[in-house]
Every structure is written in structure tokens, then in C-alpha cells.
Amino acid sequence: PQALWFERRPRLATERGLQMAFFLAQSDPQVLGVRGQTDRQRWSGRNRATNQPLGLFDPLASALEGPVGDMPRALDTGLDPVCALAVRLRIAPHGNAMLTFATAASDDGGTLRAVIDKYRQAIHVQRASLMSATLTGIRLRELRITADSFAAMQSLSSALLMCLTRPPTAPARGAGTPPLPSDRRLLWRMGISGDRPLILVTASIELGLGMLRSLAQALRLWNWGGVACDLVVVNTEPASYLMALQRELVAMRARHIAECAGAQASTAFHLHRADELSDPELATLKSLARVRLHADSRPLAHHVQEWIDG
């Protein structure tokens, strides 16, 4: 057995049930065994950080010892279900292994079984991968996104949606200095609720426009995918008659608004000058920001890699 099968039973006679499977679609011969876990308490443990779960897995072989022949028996999900698989591998020196995990859902059990059987064959996995790469390439060319920028955007997407689910606690300012207040109500005048993931970027020179254009492209990609995000750019450019950076940023924000017009936008581009923000407002932005970047002459991929390494 290399799959976990979940079923949501309908509450009313007019509703249809839903079934979902998470399975190992393709694997190399180096796989020695597969274990699974469906109880979140045994997976995460008690009083543990989200990045350090308890991670207890049970062998799936025992799941086939059901009351009716080879029919799988029901696993205990506890009060809060979770879906996790662990694979034990044996890799030779200088060798490698490739695993493909898949998730499928259907309201019909027979259809779901057919999908699982189909993608247990390598040829169908390869075809799906090629089709996905082709469609992704078409979309990226439409958005004018390079491969390096797309990889950085994927890392930011994972950070916004999966890893950083809560804003970090602001560090103390020092002995004898009271911390600045962090109140999301201070951001309401800017049109920022504080409920959506927030990326805070500071910019002061025109050389940082390249990274900001990549982030504007990321907003278009996230808006197309329904990923909610607020991009807040704080311009620290000194006041002058020219103010080339501010002019470019205003035009960039106007393009984003025009591209998202007529649709239910899940992303927003906010632009503010540093001298227009009070200290409590800036402290609130910093405390709520999932990711904080500084737009200099380096591309977005370098900033994201530095953030990952740090």
C-alpha cells in the first residue's frame, strides 16, 4: 500500500460525498517501505514548533489487515486529520532516487481508483509533467517572467502560504526604550487590512526598479492563481523636483491596477513615501510583514536566496 484514502461523508441527502487520495505515484526500486500518518496529534505532538513536528508514522502494511480479505481498514484520524507519507529509501553511493507524489480527488470512488492506477504508470506521469511544463511556459511567456524569477516567486509563494503562517514577534528596541505599538488599525487608512500576507519592500535608488518589476510580475501571477497578498513599497528617495524613482513606481502601480481592473483582485500594490508614514505605522508594517526586502541593484532571485540562507 502506497496511498492514503480520505472520504468526506455528506451531511444531507442532497449532498454528494467527496473522496481524496494522496499516493506515491512513481518510485524507483530503492523504495524499501512506506509509512503514513492520519492523526495530527501524533504528527505534530504537543507544544512543539510547526517546523519541528513529532513525526510519528505507522506502517501502512498493517492497514491491509482489514476485516474483509484485502480490503483496507479505516485508520484513526483523531479529532484533526492530517495526511502524511514517509518513504524509506536505500540509495547506493553516488546514486539518486526520484519519487513522485500525487493528490487526486473525486466524488466517485471508481473514478478515483482509476486515476490512481493510471498515474502509477511512469508514462502517464511523464506526459502530465510535459503538459504542465508546456502550459506553464506559455503562461510565463505571456507574463514575461524568466525562469530565475519564477523560481524565486515559487519560493515566496511557499513562504507566504505554508511556512510563515503568523507574523514574527518584533524584537525589543533596547533597555529602557518602550517598543513601538503594532496595531493593524493604523494601516486601515492606507487600504491595508493586515489580514492578508504582506511583503514589505524599501526602495531608495532607481537601480532597484528591476527587482520591483519582478515583484509586480509576481503580483500578476498570484492574482491569476488566487493567492492573496499585499505588496507595500516604502520609497525613501530624497525629496526633489525630479524624483525619478517615485515617478516610475507610480506608473508601475497604475499598470497593476489597470491589469486587475474588472476582476476580483486578490493582490494589491501599495506605494507610500517614508516621510508620509509615522513611526507606529512603519513599526506595524514591519511586524506584520511576512517578508522584508530592500530594493537595490540585485535581482529578485538573489534577494530570495539570501532570505532563504539567512
Side-chain angles (χ1 to χ4, degrees), residues 49-51 80 136 139-140 143 145 149-171 179-203 208-209 211-236 249-274 276-295 300-301 303-308 310:
T50 55
N51 61 342
D80 192 3
T136 300
R139 184 63 184 175
L140 293 182
L143 297 176
I145 299 176
S149 296
F150 181 66
M153 295 172 190
Q154 291 290 83
S155 298
L156 285 178
S157 300
S158 300
L160 294 176
L161 298 178
M162 301 180 183
C163 303
L164 305 180
T165 56
R166 295 181 178 85
T169 304
L180 290 174
S182 176
D183 188 353
R184 64 183 61 193
R185 291 176 297 180
L186 298 174
L187 308 180
W188 291 354
R189 73 171 184 87
M190 311 176 197
I192 303 174
S193 65
D195 297 329
R196 300 193 296 192
L198 189 148
I199 298 178
L200 178 63
V201 183
T202 56
L209 286 173
M211 191 201 77
L212 290 169
R213 292 191 184 100
S214 298
L215 285 175
Q217 292 173 335
L219 283 183
R220 293 180 57 192
L221 184 65
W222 291 331
N223 187 71
W224 172 72
V227 177
C229 176
D230 285 323
L231 174 63
V232 181
V233 179
V234 178
N235 185 9
T236 60
L249 291 175
V250 170
M252 192 181 303
R253 180 176 180 271
R255 284 194 298 269
H256 175 76
I257 295 176
E259 291 167 354
C260 298
Q264 185 67 27
S266 60
T267 60
F269 191 122
H270 302 274
L271 174 61
H272 301 280
R273 287 191 49 79
E276 299 173 351
L277 300 175
S278 63
D279 290 341
E281 290 172 343
L282 191 57
T284 302
L285 286 173
K286 291 179 179 179
S287 65
L288 293 179
R290 300 302 201 261
V291 180
R292 292 163 56 182
L293 302 172
H294 177 68
L300 177 63
H303 284 272
V304 173
Q305 187 61 44
E306 182 181 18
W307 175 78
I308 293 174

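Quick note: numbers below take in every heavy atom, side chains included, and nothing from hydrogens, waters or symmetry partners. None of the values given here were measured: they were computed from a predicted structure.
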**Request:** Find the distance between CG (L212) and CZ (F269) and round it off to the nearest 0.5 Å.
**Result:** 6.5 Å

**Request:** Over all heavy atoms of both residues, which pair between A295 and G208 is shortest? Give the atoms and the distance, please.
**Result:** CB-O, 3.7 Å

**Asked** Taking only residues two or more places apart in sequence, or in another chain, which ones meet R139 in a salt bridge (Lys or Arg N to Asp or Glu O under 4.0 Å)?
**Response** E142

**Prompt:** With side chains defined as the heavy atoms from C-beta onward, is the minimum distance between L198 and C229 less than 4.5 Å?
**Reply:** no

**Request:** Nearest 0.5 Å please: distance from the CE atom of M190 over to the OG1 atom of T284.
**Result:** 8.0 Å

**Message:** Test your reading of the model: is there a side-chain donor-acceptor pair from N235 to the backbone of H272, 3.5 Å cut-off?
**Reply:** no

**Fill in**
Correct closest heavy-atom pair for E281 and R189 would be OE2-NE, 2.7 Å

**Prompt:** How far apart are the C-alpha atoms of V227 and T267, what are their side-chain angles, what is the distance that settles it, and do they pass the side-chain contact (heavy atoms from CB on, under 4.5 Å) test?
**Reply:** CA-CA 7 Å; V227 177; T267 60; 5.9 Å; no

**Message:** So V291 and V201, do their side chains get closer than 4.5 Å, heavy atoms only?
**Reply:** no

**Complete:** To the nearest 0.5 Å, atom CG of L277 lies from atom CG of L285 at 6.5 Å

**Prompt:** How far apart are the closest heavy atoms of S266 and R196, and which atoms are they?
**Reply:** O-NH1, 2.9 Å

**Prompt:** For the side chain of T202 and the backbone of H294, is there at least one donor-acceptor N/O pair under 3.5 Å apart?
**Reply:** no

**Prompt:** Are L200 and R290 side-chain neighbours, meaning at least one heavy-atom pair lies under 4.5 Å?
**Reply:** no

**Request:** Could you tell me whether a side-chain N or O of S157 sits under 3.5 Å from a main-chain N or O of M153, the two making a donor and an acceptor?
**Result:** yes

**Any F150 side-chain heavy atom under 4.5 Å of L143 side chain** = no

**Request:** Run the numbers on I199 and D230 for side-chain contact (heavy atoms from CB on, under 4.5 Å), then give the verdict.
**Result:** CA-CA 6 Å; I199 298 178; D230 285 323; over 6 Å; no

**Prompt:** Rounded to the nearest 0.5 Å, how far apart are CG of L187 and CG of L288?
**Reply:** 6.0 Å

**Prompt:** How long is the gap from CG on L293 to CG on L215, to the nearest 0.5 Å?
**Reply:** 6.5 Å

**Request:** Give, for atom CG of L219 and atom CZ of R253, the distance between the pair rounded to the nearest 0.5 Å.
**Result:** 11.5 Å

**Item:** Qualifying side chain to side chain donor-acceptor pair (under 3.5 Å) pairs, either residue in residues 211-220, two or more places apart
**Value:** R220-E259

**Asked** Considering residues at least two apart in sequence or located in another chain, which fulfil the salt bridge (Lys or Arg N to Asp or Glu O under 4.0 Å) criterion with R292?
**Response** none

**Asked** How close do R184 and G194 get, heavy atom to heavy atom, and via which atoms?
**Response** NH1-O, 3.1 Å

**Prompt:** Do the non-hydrogen side-chain atoms of I192 and H270 ever get within less than 4.5 Å of each other?
**Reply:** yes

